[in-house]
Amino acid sequence: MSQPIESFLSSQTYAVAGASARRHKYGNKVFRALLDSGREVYPLNPISEEIEGHKAYPRIADLPLVPESLSIITPPEVTRKVVADAVAAGVKNIWMQPGAEDAQASQAARDAGINVIDDGSCVLVLLARE
């Protein structure tokens, strides 16, 4: 496993941008996989109030704490805004899931000293191996 992924997975707190209340959606599967692995994880969704029995938050700034790691499952144009919020909040690790990657957002996060995973790898695959 690569060092960037190890850093992401060794965090104490997580948030999932694009977490979905619909179980068949990728954002819901990633949220549940992190929960099922025993991690402290917060769903980010500007529309849903609750996801899988957990209070959902519209933005990172609305969370009760700053998560160490952020998984992003949003369209690239939304990813840019989520990354800007993550930079402002002080998130340490960002994993852009397949389809969420955005070169501009990746560069902005790296420029801010954030560990970025944007290589098309999938957190669900890694969590299934744990």
Side-chain angles (χ1 to χ4, degrees):
M1 187 178 322
S2 73
Q3 194 286 322
I5 290 174
E6 283 183 31
S7 179
F8 182 94
L9 293 176
S10 68
S11 296
Q12 298 298 309
T13 55
Y14 297 81
V16 176
S20 175
R22 295 181 287 184
R23 292 194 76 130
H24 69 282
K25 300 293 272 180
Y26 188 56
N28 181 281
K29 292 177 182 185
V30 169
F31 179 70
R32 279 189 289 129
L34 286 165
L35 276 178
D36 292 347
S37 69
R39 290 173 167 90
E40 181 180 352
V41 57
Y42 298 88
L44 295 173
N45 184 307
I47 299 168
S48 297
E49 291 185 22
E50 184 179 286
I51 296 174
E52 297 296 323
H54 295 263
K55 177 178 172 38
Y57 298 87
R59 299 177 41 224
I60 293 169
D62 299 317
L63 291 171
L65 53 73
V66 176
E68 289 178 60
S69 290
L70 172 66
S71 179
I72 302 176
I73 304 120
T74 60
E77 60 275 8
V78 176
T79 296
R80 289 183 210 121
K81 176 64 176 141
V82 171
V83 167
D85 289 349
V87 167
V91 170
K92 294 181 171 105
N93 303 286
I94 291 176
W95 194 333
M96 295 178 195
Q97 298 304 308
E101 304 98 329
D102 178 81
Q104 179 184 354
S106 293
Q107 191 59 54
R110 285 188 175 97
D111 289 347
I114 297 174
N115 171 45
V116 177
I117 304 159
D118 60 355
D119 59 3
S121 58
C122 173
V123 71
L124 290 176
V125 172
L126 273 291
L127 290 174
R129 292 182 189 160
E130 281 191 335

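In this text the structure is predicted, and so the values were computed from the model without any measurement. The basis for the numbers below is simple: all heavy atoms, side chains too, and nothing from hydrogens, waters or symmetry mates.
Residues meeting the salt bridge (charged side-chain N to carboxylate O under 4.0 Å, His left out) test with R22, sequence neighbours left out: none.
Checked by atom type, the side-chain pair S20/N28 shows no donor-acceptor distance below 3.5 Å. Counting only N and O atoms by type, the side chains of D102 and T79 include no donor and acceptor under 3.5 Å apart.
H24 and K29 get closest at one heavy-atom pair: O-CE, 3.6 Å. In terms of heavy atoms, C122 sits closest to Q97 at CA-OE1, 3.6 Å. Between E40 and Q12, the shortest heavy-atom distance links the atoms CB-O, 3.7 Å. Here the closest non-hydrogen pair linking V87 and A109 is CG2-CA, 4.2 Å. Summarising the geometry of A17 relative to T74, their closest heavy-atom pair is O-CG2, 3.8 Å, with the distance given to 0.1 Å. Of all non-hydrogen atoms in G99 and P76, the two that sit nearest each other are O-CD, 3.5 Å.
Paired with I72 under the rule side chain to side chain contact (heavy atoms under 4.5 Å, CB included), one option of V83, V78, L44 passes, and it is V83. No option in N93, L34, V30 other than L34 meets the side chain to side chain contact (heavy atoms under 4.5 Å, CB included) test with Y14.
The backbone N or O of F8 sits less than 3.5 Å from a side-chain atom of S69, completing a donor-acceptor pair. Judged by distance alone, with hydrogens and angles left aside, the side-chain atoms of R39 form no donor-acceptor pair with the main-chain N or O of S11 at under 3.5 Å. Not one N or O on the side chain of D118 forms a donor-acceptor pair closer than 3.5 Å with the backbone of E101. Listed for the W95 side chain is no donor-acceptor partner under 3.5 Å among the backbone atoms of P4.
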Distance-only donor-acceptor hits, side chain of residues 53-60, under 3.5 Å, sequence neighbours excluded:
unit_1, atom_1, unit_2, atom_2, d
R59, NE, D85, OD2, 3.4

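I94 is not connected to V16 by any chain of hydrophobic side-chain contacts under 4.5 Å among Ile, Leu, Val, Met, Phe, Trp and Tyr, and they are in different clusters. A single hydrophobic cluster is seen to contain both L124 and L35, as judged by linkage of ILVMFWY side chains at heavy-atom distances under 4.5 Å, directly or through other members. Note on V91 and L65: same hydrophobic cluster, where clusters join Ile, Leu, Val, Met, Phe, Trp and Tyr whose side-chain heavy atoms are under 4.5 Å apart, directly or indirectly. Linking Ile, Leu, Val, Met, Phe, Trp and Tyr residues whenever their side-chain heavy atoms come within less than 4.5 Å leaves M96 and V123 in two separate clusters. In this structure, L70 is not a member of the same hydrophobic cluster as L9, with clusters built from ILVMFWY side-chain heavy atoms closer than 4.5 Å.
In E49, the CD atom is not crowded: 12 or fewer heavy atoms of neighbouring residues, nucleotides or ligands sit closer than 6.0 Å.
Residue F31 holds its CZ atom at 15.0 Å from OH of Y26, rounded to the nearest 0.5 Å.
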